[in-house]
Each structure stands twice: as structure tokens, then as C-alpha cells.
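Here's the structure, in C-alpha cells; my notes come after.
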Amino acid sequence: MTSNPPLISWFKDLTIADVPLVGGKNASLGEMYRELSSKGVVVPNGFAITAYAYRCLLAANPESTAKLNSLLEELDIHDMDVLASSGKAIRQLIKDMEFPHDLTAAIKDAYAVLSAEYEGAESGTDVAVRSSATAEDLPNASFAGQQETFLNIHGASELLHACRRCFASLYTNRAIVYRVENGFDHSLVALSIGVQKMVRSDQAASGVMFSIDTETACDATVLITGAYGLGENVVQGAVNPDEWLVHKQLLRDGYEPIVQRNVGAKKIKMVYALDAAAPVRNVVVPKSERVKLCLDDADVLALARMAVAIEDHYSAKAGCRRPMDIEWAKDGPTGKLFVVQARPETVHSQRSVTKIVTHSLVGNDVAPSDVLTRGAPVGDAIGSGTAKILRSASQLAEFKPGDVLVTGMTDPDWVPVMKLASGIVTARGGRTCHAAIISREMGIPCIVGTGDALTAIPNGTSVTVCCTGSSYAGAVLSGIKASSTREVDIGALPALPSTATQVMVNLASPSLALASAFLPVAGVGLAREEFIIANHIRVHPLALIGFPHNKAGADPDTADAVAALLGSRYADCPEAFSSTSWPKALGSLPLLSTRARLSSASPTLSRTSTRASSAACSTSRSRRTRCLASAARRGTTTRATARRLSWSALLSPSCATSWASQTSRS
């Protein structure tokens with residue numbers, strides 16, 4: 001006689017083979033909890049309420065289940081009003097279902113055991129309640145953001161209430177549409193629930209990381225994003241997060257290769273609240289904290305090592321490369337780092353690396369004055385249409401196919417209209433937020449984190465969303481701009497002949513390095529150091545001398561641009577821009593670390609030689625600093641001086657190494 005599956009399964013008893021029982025998310029958590037703790041991947045303990053438990057819930061409420069199926073049969077996903085009303089009715093049916101007694105008892109008992117492990121059974125520990133559909137997180141399907149997550153849940157009664165809402169979220173509007181469009185039978189998809197000990201990242205930071213570059217599909221790096229507080233703001237795109245890029249192979253070789261750091265705005269953070277009905281809330285982040293990275297380098301490297309370990313593990317099990325999409329959290333009280341989710345990356349990992357598709361603006365009708373706003377480009381396409389500003393879900397019916405969606409951040413319920421858009425622009429969010437993930441999956445040009453999209457873009461006007469090009473990538477342009485698309489299959493090209501001189505590429509912009517990695521060349525032949533530094537600083541050192549004292553005599557736009565690049569940390573600190581301290585200001589900006597850059601150029605370079613290189617240039621740096629300081633005091637930093645002290649003179653390799661070294665330490 002075959003026994004029924006369990007209602008509850010602990011992470012320690014689950015593996016990735018248990019997707020039919022507990023869904024992709026919970027199966028992955030169990031796999032990592034069992035197999036990767038010895039490799040430094042730490043997963044908070046928890047248990048799964050199985051898909052069998054969900055089916056028991058439906059079986060115990062036959063009348064409600066019959067009504068649910070009837071509503072699904074009559075549903076037209078292309079009618080936004082019908083979709084909204086039917087989806088709401090289905091979710092309410094599930095929320096009102098009576099839990100079987102044995103399911104209620106099993107959930108309460110498991111929660112008591114988990115509470116005893118962390119804080120004692122009487123108080124009831126804080127947990128996260130997350131959905132895990134049995135068809136989600138597969139290598140070729142993305143159910144990202146379709147079901148609900150509930151954070152900071154305390155007590156057995158609140159846990160049961162959250163479980164009802166989580167089961168109901170199997171039928172969010174976006175989940176219904178996705179299953180219909182991708183051929184998933186509603187009746188064959190069940191929902192498991194993960195109940196996991198909370199990480200107190202509300203007192204620290206959290207975010208998302210990918211073991212593949214999300215824009216170029218280059219798998220040589222780990223992309224990490226993070227912000228203060230609980231991670232939902234990063235996932236949903238409510239904040240513009242910090243970003244780091246870490247080189248994987250050099251990390252394996254023992255270096256500390258953080259090749260890029262970008263400071264995000266991080267204006268709000270999600271923290272615990274005392275109200276059981278609303279257990280989390282957003283608060284404003286002080287300006288003094290916004291300008292700082294939310295993680296130090298040691299944490300970034302530790303997270304990158306976890307990402308590499310997770311990718312290596314799943315790649316070995318799959319027998320092929322398996323890039324991963326991972327959510328992480330840092331615990332404030334202990335300072336420990338945890339992985340709270342991991343799923344296969346489903347967009348770029350499916351892309352052909354031999355086909356190069358390039359989009360470009362054509363003609364001469366584009367000017368800097370056409371730029372309405374800028375943000376982070378997602379993908380490399382170009383789209384044009386009528387700008388439609390949507391501030392709430394009540395406006396969804398106003399959206400027409402071919403419009404450009406402009407909003408603060410994309411609500412996951414808006415996926416049905418996102419697929420109709422010729423472009424998407426958000427005021428908030430980073431490259432790993434929901435809007436970015438969905439637009440990549442749909443191949444729609446998207447620009448996130450503009451800050452002012454809702455005010456800078458006139459509603460109802462024609463605009464072009466440009467995600468490519470050296471000058472206008474990430475820009476929303478006024479008017480319809482002509483563009484062209486070209487596709488080249490480098491796999492079909494004849495092999496390059498063998499030559500004594502290797503065929504290599506010259507890179508003027510470091511940002512093109514990952515995109516160029518797929519070209520059939522032997523590597524980078526030339527990457528000028530002053531271009532690399534200029535790409536990150538984006539301001540000439542002479543513009544910093546005496547700033548902001550010389551602001552009055554400067555062009556107002558230039559002065560404002562310099563101030564914006566430097567950030568608010570120096571806005572009220574004039575002494576930071578004295579002629580003798582500007583190298584310190586430069587050192588705080590997000591440059592490549594010395595070790596990462598030198599290691600990339602020469603993987604065999606020893607740490608000793610790296611330190612020696614930095615030390616050897618101190619005399620050169622001091623001499624140039626004194627020269628510039630003396631010129632500034634004499635008031636002789638004229639255009640002629642600027643020409644003589646150009647980038648090539650100011651930034652010799654040794655001097656550049658020193659400045660990068662300062663950045664690495666800052």
C-alpha cells in the first residue's frame with residue numbers, strides 16, 4: 001500500500017529532485033542546506049508545506065474548488081477588467097477555504113520546532129513565508145515575482161493567515177497570464193510554501209546576485225546588487241541599489257577581483273513594524289548613508305564565493321553550465337551572510353552566444369537636447385512609442401499596445417500590459433529588479449532607476465527608449481528616432497587564419513569588455529589606463545582643484561555636474577576640495593581596485609608585486625600633487641596649464657595605480 005506524501009518536509013530532508021513535492025524554490029533551499037553548507041553557503045533553516053498539502057486543501061473544499069475551475073474556464077486573459085475581477089474572486093475563494101485539521105496541526109507543530117531552535121517555543125520566532133510553485137524555477141521558465149512573499153510573520157495564527165494568502169497568490173493576475181501564455185495547465189500546477197527563519201537584514205542589507213552578467217550574458221563575472229533593509233525593495237525595484245561586479249576565475253585563483261563598484265541612491269529601506277496586519281514598513285535612509293556602499297569588500301567577496309559555489313554545484317548536477325539568480329541577506333545582529341533563495345537564470349543562459357544582434361540609432365536627428373532623462377539600460381534594444389504614465393493599477397485599462405510604459409516601478413500585476421509595451425521606463429529600481437527581469441525575458445527595451453521619469457517625460461508625447469550606443473545608452477529621447485538592427489552569426493563565419501600577430505580588440509571603454517568577450521579574438525590588445533580611470537571618475541582632476549571655491553567662476557552646468565558626480569558626501573565639506581586633498585576625493589570614487597585590474601592584466605602577478613607597484617609610484621604621485629597644488633595656489637591653473645597637465649601627463653601608469661590603490665582601501 002502506497003503511503004501519502006508528507007504535509008511538511010524540512011529543508012534537511014529535501015533535494016533538488018523534490019520539485020514535484022515542494023516546488024523549485026523549496027527544493028533548491030533544501031539542496032543548498034544539505035549540500036553546500038560545507039562550502040560556505042549558509043541557508044537559514046525552515047520547512048516546506050508541500051504541494052500535497054495544497055491539493056488536500058482543495059479536496060477538503062470541493063464547492064469552492066468547483067467555482068475556481070469554472071472561473072478559470074471562462075477567463076479571457078486579454079480583457080484586463082475581466083482578468084482583474086476573476087483573479088480577485090479566485091484568490092478570495094482560496095483565502096476562505098477551511099484548512100483540514102491535520103494540516104493545521106502539522107504547520108503549528110513544525111513552527112514550534114523551528115521557534116525552539118532559534119528563540120524558544122513560547123515566543124514564536126519571526127519567519128518569512130514564501131511561495132514555491134511546482135512548475136517554477138525551471139531552467140527554461142521564469143515565475144519570478146508571480147506569487148506573494150510575507151515577511152516578519154510571528155505566531156502560529158499569523159503564520160496560518162499568511163499561508164492562506166500565499167496559497168491564494170498562485171492565482172495572481174500575472175501568474176494566470178503567464179501559465180496560459182506558456183502552456184502550463186492550471187490544474188497541474190500546485191503551490192508549496194516555504195517557512196524560513198528570517199534574517200534581520202532590516203538592520204543591515206540584502207539584495208540579489210547573478211552568476212552571469214545580466215546585460216551581456218558573459219559568464220565570467222558575478223553581478224551583486226544590494227540596499228539597506230529587507231530585500232523586497234531590491235527585488236521589486238523600489239530602490240536604486242548599489243552594484244558590484246566580481247571576476248569569477250580570479251576569485252577562484254585567490255585574488256580579490258572586485259572590478260566595479262557603483263553607489264545606488266537607496267532612498268528607502270524596509271524594516272520591521274509592530275503591526276501584525278502590516279509587519280514591515282519603509283523608512284527614509286539618511287543622506288549620509290545613501291552615499292556609502294551598503295557592503296564592504298569582504299562581504300562582497302564572500303557573497304561572490306557563495307554564488308560561484310552555488311553555480312558550480314548546480315552545473316555539475318545538470319551536466320552543463322547553469323547560471324544562477326540568487327537572493328542574499330546580511331543579518332544585522334551577527335553580521336553573517338545568508339542565501340535565502342536560488343533559482344536558475346532563465347534569460348541570458350538560453351541565449352545563443354554566437355549570434356550578435358546590434359541595434360543603433362541612424363541619421364543625424366539625435367542631439368543632447370533630446371535627452372529627457374537617463375537611467376540604467378536593460379538589454380541593448382531601441383523602442384519608440386507614445387509615453388503613457390501609469391501611477392497605479394487603476395490605470396491599466398488606459399494602456400494601448402505599442403505605448404511606452406512610464407511608472408515609478410513595475411507592479412508584478414502589470415505584466416499583462418508590460419508585454420504590450422514598446423519600451424519600459426521606471427523611476428526606481430536596478431538591473432536585477434522585477435522590471436528588468438521581465439523586460440529581458442520579453443525582449444523589451446527598458447531603462448530603470450531614472451529618478452525623475454514621472455516628471456521629466458511628458459505624458460502622451462512620442463519618445464524613444466534607447467538602450468544601446470556609447471552616447472545615448474540609457475537615455476529616453478524626445479520624438480521617434482530612426483533605428484536599425486543587424487544580426488551576425490559569428491559561428492557561421494569562416495575561421496580566422498592563424499597569424500604571427502594575434503587578432504585582438506582595442507577597448508576605449510571598459511564597459512564594452514564583457515560584451516566583446518564573445519568575439520573570435522585572442523583577447524584585449526589595448527585598454528588605455530587613462531580611459532579606464534576617466535570612465536569611472538568622469539571628471540578631470542583639474543576640475544576638482546579648489547572646488548567648490550571656484551564654483552562662481554565656472555560654468556553653472558559644469559559646476560553642478562561636478563558636484564553631482566562627487567556626491568553629497570563632500571557637498572558640505574569645502575576643505576575636501578582644497579588643492580592638497582583632491583587626490584583623497586578621487587580615491588573615494590568607484591574605480592577598479594588595483595589588485596583586480598592588475599590581476600586581470602596578468603593573472604600570474606603576485607600580491608607582493610602588486611603592493612610593490614603601488615609603493616613605487618608614491619614619489620610620482622606626491623610630485624604631481626605638489627605641482628598641481630602649487631599651481632592652484634599661484635592661480636596659474638589656466639587652460640594652458642590644463643593642456644600641459646593633461647590626462648596623459650597626470651595619469652602615468654604608476655600614478656594611476658596609486659589612485660586605484662587608494663580607492664581599493666577606501
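When a residue number appears, it is its place in the shown sequence, counting from 1.
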Any donor-acceptor N/O pair, [X] side chain to [Y] backbone, under 3.5 Å:
| X | Y | answer |
| --- | --- | --- |
| T407 | L390 | yes |
| Q395 | S392 | yes |
| K266 | G264 | yes |
| E345 | S211 | no |
| T225 | V208 | yes |
| R428 | G449 | no |
| Y111 | T125 | yes |
| S28 | R343 | no |
| N262 | E243 | no |
| R440 | T214 | yes |

Are [X] and [Y] side-chain neighbours, meaning at least one heavy-atom pair lies under 4.5 Å?
| X | Y | result |
| --- | --- | --- |
| N61 | L57 | yes |
| L36 | I310 | yes |
| D312 | K39 | no |
| L14 | Y33 | no |
| F47 | V113 | no |
| L420 | D403 | no |
| V42 | K336 | no |
| L337 | M306 | yes |

Taking all heavy atoms of [X] and all of [Y], pick out the closest pair and write down the distance.
| X | Y | answer |
| --- | --- | --- |
| N45 | Y118 | N-OH, 3.2 Å |
| A436 | S439 | O-OG, 3.0 Å |
| V234 | S206 | CG2-O, 3.9 Å |
| A190 | Y54 | CB-CD2, 3.7 Å |
| V448 | T426 | CA-OG1, 3.2 Å |

Going through the distances and angles, do R431 and F210 end up as a side-chain contact (heavy atoms from CB on, under 4.5 Å)? CA-CA 10 Å; R431 292 195 292 158; F210 285 80; over 6 Å; no
CD/E73 to CG/N69 distance, rounded to the nearest 0.5 angstrom?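 So the gap between those two atoms works out to 6.5 Å.
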Hey, could you give me the CG/CZ distance between N152 and R281, rounded to the nearest 0.5 Å?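 Going from CG on N152 over to CZ on R281, the span is 11.5 Å.
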Should we say atom CG of L274 is surrounded by more than 12 heavy atoms from elsewhere, each under 6.0 Å from it?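 No, CG of L274 has 12 or fewer neighbouring heavy atoms, counting only those of other groups under 6.0 Å.
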When you look at NZ of K67, are more than 12 heavy atoms from neighbouring residues, nucleotides or ligands closer to it than 6.0 Å?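 Counting other residues, nucleotides and ligands, NZ of K67 stays at 12 neighbours or fewer.
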Test E289 against K269 for salt bridge (Lys or Arg N to Asp or Glu O under 4.0 Å), laying out the working first. CA-CA 11 Å; E289 295 296 313; K269 66 177 178 178; over 6 Å; no
From CA spacing to verdict: side-chain contact (heavy atoms from CB on, under 4.5 Å), T50, I8: CA-CA 6 Å; T50 65; I8 299 292; 5.9 Å; no
Ion pair present between [X] and [Y], side-chain N to carboxylate O less than 4.0 angstrom?
| X | Y | result |
| --- | --- | --- |
| K419 | E181 | yes |
| D126 | K197 | yes |
| E398 | K388 | yes |

Which residue is it: S9, S132, S131, P20? I am looking for the one with a side-chain contact (heavy atoms from CB on, under 4.5 Å) to S192.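 Of S9, S132, S131, P20, side-chain contact (heavy atoms from CB on, under 4.5 Å) with S192 is met by S132 alone.
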Test side-chain contact (heavy atoms from CB on, under 4.5 Å) applied to W244 and L293, step by step: CA-CA 10 Å; W244 299 263; L293 292 166; 3.9 Å; yes
Any luck finding a side-chain donor-acceptor pair between N240 and R290 under 3.5 Å?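 Result is no, nothing qualifies.
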Between F184 and Y178, how do the two ring planes meet: parallel, tilted or perpendicular, split at 30° and 60°?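 Parallel, since the angle between the ring planes stays under 30°.
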Hey, which of K95, R165, R174 is the one that makes salt bridge (charged side-chain N to carboxylate O under 4.0 Å, His left out) with E148?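 That would be R174; it is the only one of K95, R165, R174 passing the salt bridge (charged side-chain N to carboxylate O under 4.0 Å, His left out) with E148.
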Residues 79-86, side-chain donor-acceptor partners within the protein, below 3.5 Å, at least two apart:
residue	atom	partner	partner atom	Å
D79	OD1	D81	N	3.1
D79	OD1	V82	N	3.2
S85	OG	D81	O	3.2
S85	OG	V82	O	3.1
S86	OG	V82	O	3.0

Should C56 and L103 be marked as a side-chain contact (heavy atoms from CB on, under 4.5 Å) after you check the CA-CA gap, both sets of side-chain angles, and the distance that decides it? CA-CA 8 Å; C56 288; L103 176 57; 5.8 Å; no
